[in-house]
Amino acid sequence: MRNEQLSDIFEEMADIMEILGEDRFRINSYRKVARVIHDCVKDVSVLAGAGKLQELPGVGKSSAEKINEFVHAGTIKAHRDLLKKIPPGLLEMLKIPGMGPKGAAAVWKGLKVTDLDKLKKAIEDHSLEKLAGFGAKKAEAIGRGIEFIKSAGERILLIEAELIADYIIRELKAKTSVKRIEAAGSLRRGCETVGDIDLLAMAKDGGKVIEAFVHLAEVEQVLLAGGTKASVRFAEPEFCRDVVQVDLRIVPTASMGAALQYFTGSKHHNVRLREIAIKKKYKLNEYGLFRGDKQMAGKTEEGIYDKLGLAYVAPALREDRGEVEAALKGELPELVELGDIRGDLHMHSPASDGREEIEALAAAAQGKGYKYIAITDHSKSSVIANGLDVRRLQANIKKIKQINEAFKDFTVLASTEVDILMDGSLDYPDEVLAELDFVIASVHSGLSGPKERNTRRILRALENPYVNCLGHPTGRMIQVREAMDLDMEAIIARAAQTHTALEVSASPLRLDLNDAHCRLAVEAGVKLIINTDAHDTQGLDLMRYGVATARRGWVKKSDVLNCQPVGALRRWVKDKRTSHK
DNA sequence: GCCGTTTTCGGCCCGACTGTTTTCAGTCG
């Protein structure tokens, strides 16, 4: 929470300095600090207390002082002073597409326009278009931009972006002679939400591909269309709640790797690469890696990383969160892959709120090459999910064991997703849990409590010898419901002590743990379990989103319990139970 | 403001597109 706030302050200081026309490198350093704080999973006040702020890359003496000031006083004088120098409405203007800091400064100084309403009036009375540097077209574009930010939707979910990208790729392949077309950007990096969709195409006649693209039926507005790139607003209610921007670039064959690298980003990762390129007397851009005019690499991404002296960095890691340093040293983790997953340990049958029978779930899992599943129906407190009381649970266990007898090389584990009650006790007594092969414990109610109480509640559940996995640990639903306020470091430490796994829910709306928490967890030696929480056989297909999230959290195959054979899993369950006796 | 396998001072990523220009600045990704 606090990191977020502080990051916003540094960002705002940078915005104000930009409007004031201050040194752009100084401004950049403020933005870097904002980003580093935003990405930092540890609370800055903890780092400040330990005197470790300057260990953050980009944070020097001056920024560390400002952060300390914020931690102690809740506000920063330099920030307050900057705010006094401009009318507050100007910051709002920066959000308008096509309106940057120079534009905001110009309308403020030239027309005394200080907020969106006055800007709108200046467009209507044609005074804006008479201002130097502006004109009729620009004024009109800004007018549209104001409307846009008023109606602008949020970022879309990874799964929605994937569906739209797949659809466009299919259409363009069908309608044109495009040779190769791929998604790049945050979609390729597997980010939990996507702001806009980047597509790259290799084609002989790029003009025709652009033409076909901007004429797709779902294109609501063409933002720009040149010879090698086009941007549109794409509306497809079937996929997505909002309109999303899609950018298409046409790329020559010799540059496909360079373009893929460049447009996959992140921006910050790319800046680091270009700095390394310069040091090695190269120039790196979307067309390739050059020495003078000679292309040294660019057909493949691997070639570029190799020539720069880096190990190949998987898209999931390209966030400038230490991957460049690790790649230089050849110390990148070997990330978990979808094919490593041997079983899915969280799904619901019709006994609670699932829609398909255990036999169908087992068959679908076998179709994926899995060796085991766990049936984890809800416990009695989850009334709306038709949770099982002890009697129904025991009937379910019996049924699962019968079904299991039919399999040779596949196991259906009798399990539960037991509710963690308000005081941290569980919804079934220990002697009932002891009858199960595997136990997930989850919080489903009272998520909005204070941090101390929430944390205490979960810590107690982790202590239970029968709890093997904490289900969707923070309870967040992306863009729908906030995460529980938790001391995640304390929970990770206790999970490590008690040999309890943490779940990475692959449900595209959850992705919980998130990438940053995954990384903290594996650094602390905690095992993760990537699960779909499926309610039907189709739900089992969502595993890839959980794997994508884990990969972004630097998770290796060896960190993931459900990459292990069922025997190892059973031993792991047994170990926790016996160590408590 | 930050940083150092050129550097403790002098650098700090790169190109496309647009609209305003009369040769380029601003914005964006």
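Reminder, nothing fancy here: chain letters follow the sequence lines and each chain counts from 1.
Screening L53(A), I67(A), I9(A) for a side-chain contact (heavy atoms from CB on, under 4.5 Å) involving I37(A) leaves a single residue, I67(A).
Considering only side-chain N and O atoms, K66(A) lies under 4.0 angstrom from the phosphate OP1 or OP2 of dG1(B). Put simply, S62(A) has a side-chain N or O that comes within less than 4.0 Å of OP1 or OP2 on dG1(B).
R31(A) places its CZ atom 14 Å from the C1' atom of dG1(B), with the value rounded to the nearest Å. Per the geometry, CD belonging to E18(A) stands 16 Å off P belonging to dG1(B), to the nearest Å.
Nucleotides dC14(B) and dC9(B) have their C1' atoms positioned 25 Å apart, rounded to a whole Å. Look at the P atom in both dC28(B) and dT23(B): the space between them is 25 Å, to the nearest Å. A gap of 13 Å separates the P atoms of dT8(B) and dG4(B), to the nearest Å. For dT20(B) and dA25(B), the C1' atoms lie 9 Å apart once the distance is rounded to whole Å. For the C1' atom pair drawn from dC12(B) and dA16(B), the interatomic distance equals 22 Å after rounding to whole Å. Nucleotides dT21(B) and dC17(B), compared at atom C1', are 15 Å apart to the nearest Å. With both ends at atom C1', the span from dG1(B) to dT5(B) equals 23 Å, rounded to whole Å.
The number of heavy-atom neighbours closer than 6.0 Å to NZ of K137(A), taken from other residues, nucleotides and ligands shown, is 12 or below.
Of all nucleotides listed (dA16(B), dT20(B), dC2(B)), dT20(B) comes nearest to the side chain of K138(A). Of the candidates dG1(B), dG19(B), dG15(B), dG15(B) carries the atom nearest the N285(A) side chain, counting heavy atoms from C-beta on. The listed nucleotides are dC2(B), dC17(B), dG15(B); the one nearest the side chain of Y287(A) is dG15(B). Across dG15(B), dT27(B), dC12(B), the shortest atom-to-atom separation from the side chain of K102(A) is found for dT27(B). Of the candidate nucleotides dG15(B), dC2(B), dA16(B), dG15(B) has the atom nearest to the side chain of K283(A). When the nucleotides dC17(B), dC12(B), dG29(B) are ranked by their closest atom to the side chain of K229(A), dC17(B) comes out on top.
Closest heavy-atom contact between Y30(A) and A14(A): CB-CB, 4.0 Å. Shown here for L248(A) and A201(A), the closest heavy-atom pair between the two residues is CD1-CB, 4.1 Å.
In this structure, V59(A) reaches the sugar-phosphate backbone alone: every heavy-atom distance under 4.0 Å involves primed, P, OP1 or OP2 atoms, never a base.
A donor and an acceptor atom, one from each side chain of R80(A) and T75(A), are located under 3.5 Å apart.
Both distances falling under 3.5 Å, in either a Watson-Crick or a G-U wobble arrangement, occur for no nucleotide opposite dT8(B).
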